[in-house]
Amino acid sequence: MKKNNGRTSHTHGEERKPPVKTQKTSKSQLPKILLLIFLLPFKIIWWFCKKIAYLFSPASLKLRRASKKMTKGLGRRLFGFLAIIFALGILGFTILVAWAGKDLPDPDRLTDRQVAQSTKIYDRTGEHLLYEIFTDQKRTMVEFDKIPKQLINAVIATEDTAFYEHKGIRPLSILRSVVYGFLGKSRLGSGASTLTQQLVKNAILTNERTYDRKIKEIILSLRLEQKYSKDQILKIYFNEIPYGSTNYGVESASHSYFNKSVSDLNLEEIATLAGLPKAPSKYLTNKIALKNRRDFVLQRMAEENYITKEEAEKTQNLPVSLSQEFGSIKAPHFALYVKEQLVEMFGEQTVDTGGLRVITTLDWEKQEMAENAVKEESDKTFTESEANNASLVALDPKTGQILAMVGSRDFFDDKIDGQFNVATLGKRQPGSSFKPIIYAAAFEKGYTPDTLLFDVETNFAVSGKDYAPKNYDEKDHGLVTMRQALQGSLNVPAVQTVYLVGAEKGVTFAERMGYITLSEGDFGLSLVLGGGEVKLLEHVNAYGIFANNGVFQKHASILNVEDNAGSILFEWKKSKGEKVLDEKVAATISNVLSD
């Protein structure tokens, strides 16, 4: 742990939902209003149905007999009213569809695209180009009979098992998604898309999450199903869907990632390719997530009886064989981390071909220092520590802006899985660097740096099992203060401290500091010695709270995004942050660490 001019950094040796959320540009509320207008008649009908049920209930029998004259014409009037409400519902739906259908793209021109422009990612000055997402889209058309049957089966099993049965949409799935969206149980529209809808979204429309885009998607899906056969739709799908790295279509992706034609792919490669379109940028930068996705595809193929359970398990035991080229790239882990966030904000196609100009938070001078530090320190210590990888993050605690990021010792070294970003994705035990978090929890509880602890051999058998931690120097130091215990990184007093705090309360305190992985296990008293696994970026950000008077700032990596016309699509704004720790406690722990 190092501190420099109010900034914090941390190196992390490797022994073995979080993406930045951004606020999108506000959209028109008209589609939502029209949707509510469309639903209103049905809500009124539901209200009247309940009233009708009440009229025929025993409780209202006497009342109806007493008012027989009044209810004589009720049925006729009620029927007329319901007819009017139904007509209004149909009219509202017609208006909604007509509004959404204006200026629809022509589905006959699926392969027509605007001239693509490169998206460029820069450092915070805009002078150092970190990564250029090239405009030369790689696309090779392939005939339907050349696409392996198992690839088709894999996509259908994973994405749309009812593909050959529906007419472009699944009404019940859409209705369930709308209901869950309004109830807040899931994102509106999630989990309801058919393969036809995915084709429309990726090849004709955009990936934005708006009501009008979803309605247009439904209309165009129905039109495609009327115009093309199921096999023709599949052919278009496999030739148009983006597979990441500007690869469009399975043939281009197959050559790019496996150096062979799609017709020559084996089962492992087929499952990998079938799983990519869901989130190409995510899977291409996270081999663990890619393997999990591939294994899920194999599982679904077995469940749908396209392959045997034995074939699925055998293939799941194989390593992921996908490989890719990155060309010229600086600060590669950071650049790809930024790209993944851009895709989440604007969609894969816009990032690949939209000509965005992205200014990031990266300080190029500090990035060079960070890369040199990782290399020099690893050269010195790897042999002795029997490690093979390292990671480093530096950020500004006042703003949360990431100033430098090194995700591995060597991005291009496959022996250490160098493309895996340990800083943002890796879950690693932090060791003694987690002790200040627990001591801060103790100070918050009322203990002080002068609180006395006994550094003597102790068996903490709180769970019935022996647990007798020892100090690094294997010596006992007797009576020590908390200040001395933390400064000397003594293990026995640290375990005494977490015992005083409470292991569960220690986890709760850590989660308040921004850690999100500690609830995944029961670490007991070993928590204070780094028994739980954390992500480096969260770990560094937690230390930033000490330097920022107890205020938590979400980490940020993007300052500004402009489209190819110079219009601002996103601009980072500093927030007040969240007060998660009393500033006196933050000052106390900082004072102890600085001695």
Side-chain angles (χ1 to χ4, degrees), residues 1-4 8-16 285-291 319-320 323 326 329-337 366-395 402-438 469-474 486 488-491 494-495 510 515-518 520-521 523 526-543 593:
M1 170 71 191
K2 300 178 182 179
K3 298 202 299 184
N4 182 21
T8 60
S9 64
H10 192 84
T11 55
H12 201 173
E14 177 176 335
E15 297 179 1
R16 7 172 202 158
T285 56
N286 186 347
K287 287 294 182 68
I288 295 177
L290 177 59
K291 185 180 185 302
V320 174
S323 63
F326 290 94
I329 184 172
K330 297 178 180 178
H333 293 99
F334 178 80
L336 295 177
Y337 172 68
K366 291 180 175 58
Q367 177 66 23
E368 289 184 308
M369 293 170 61
E371 293 176 0
N372 290 333
V374 168
K375 185 179 185 308
E376 291 173 3
E377 290 300 317
S378 59
D379 287 342
K380 294 177 184 177
T381 61
F382 272 15
T383 302
E384 180 181 350
S385 60
E386 297 182 354
N388 67 357
N389 205 355
S391 180
L392 184 149
V393 167
L395 56 78
I402 299 171
L403 304 177
M405 177 186 289
V406 182
S408 74
R409 183 172 184 265
D410 186 352
F411 179 83
F412 299 100
D413 188 348
D414 291 334
K415 294 180 181 179
I416 62 171
D417 196 11
Q419 293 174 16
F420 181 78
N421 192 341
V422 178
T424 61
L425 301 173
K427 298 177 184 179
R428 302 291 186 264
Q429 291 184 332
S432 291
S433 67
F434 198 75
K435 288 175 182 174
I437 306 300
I438 298 301
K470 296 187 180 297
N471 293 321
Y472 181 78
D473 59 5
E474 296 187 352
L486 180 54
S489 190
L490 302 178
N491 291 337
V495 176
Y515 297 94
I516 65 171
T517 58
L518 294 176
E520 298 174 2
F523 310 107
S526 69
L527 175 70
V528 71
L529 304 182
E533 294 182 331
V534 302
K535 295 181 179 180
L536 179 59
L537 183 54
E538 295 166 5
H539 197 36
V540 176
N541 213 18
Y543 269 79
L593 290 172

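Small disclaimer: the values here were computed from a predicted structure and weren't measured.
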Going by atom types only, do S489 and K435 share a side-chain donor-acceptor pair under 3.5 Å?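 S489 vs K435: donor-acceptor pair found between side chains.
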Determine whether a donor-acceptor pair (N or O, by modelled atom type, separation under 3.5 Å) exists between the side chain of [X] and the backbone of [Y].
X    : Y    : value
N372 : E368 : yes
Q367 : A404 : no
S391 : V406 : yes
H333 : G418 : yes
Q419 : D414 : no
D413 : K415 : yes

Taking the side chain as every heavy atom from C-beta outward, state whether [X] and [Y] have any atom pair closer than 4.5 Å.
X    : Y    : result
F420 : N389 : no
E533 : R428 : no
L529 : N491 : yes

Ring centres of F434 and F523 under 6.0 Å apart? no
Under 6.0 Å between the ring centres of Y543 and H539? yes
About how many Å separate [atom2] of [Y] and [atom1] of [X], when rounded to the nearest 0.5 Å?
X    : Y    : atom1 : atom2 : result
D410 : K375 : CG    : NZ    : 9.5 Å
K535 : N541 : NZ    : CG    : 13.0 Å
L536 : M405 : CG    : CE    : 8.5 Å
I438 : L527 : CD1   : CG    : 4.5 Å
F411 : I416 : CZ    : CD1   : 11.0 Å
L336 : N286 : CG    : CG    : 11.5 Å

Heavy atoms from other residues, nucleotides or ligands near OH of Y472 exceed 12 (cutoff 6.0 Å): no
Scanning both residues in full, the closest heavy-atom pair of V374 with A390 reads CG1-CB, 4.0 Å
Smallest separation among heavy atoms of S433 and P436, with atom names: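 Heavy-atom minimum between the residues: O-CD, 3.4 Å.
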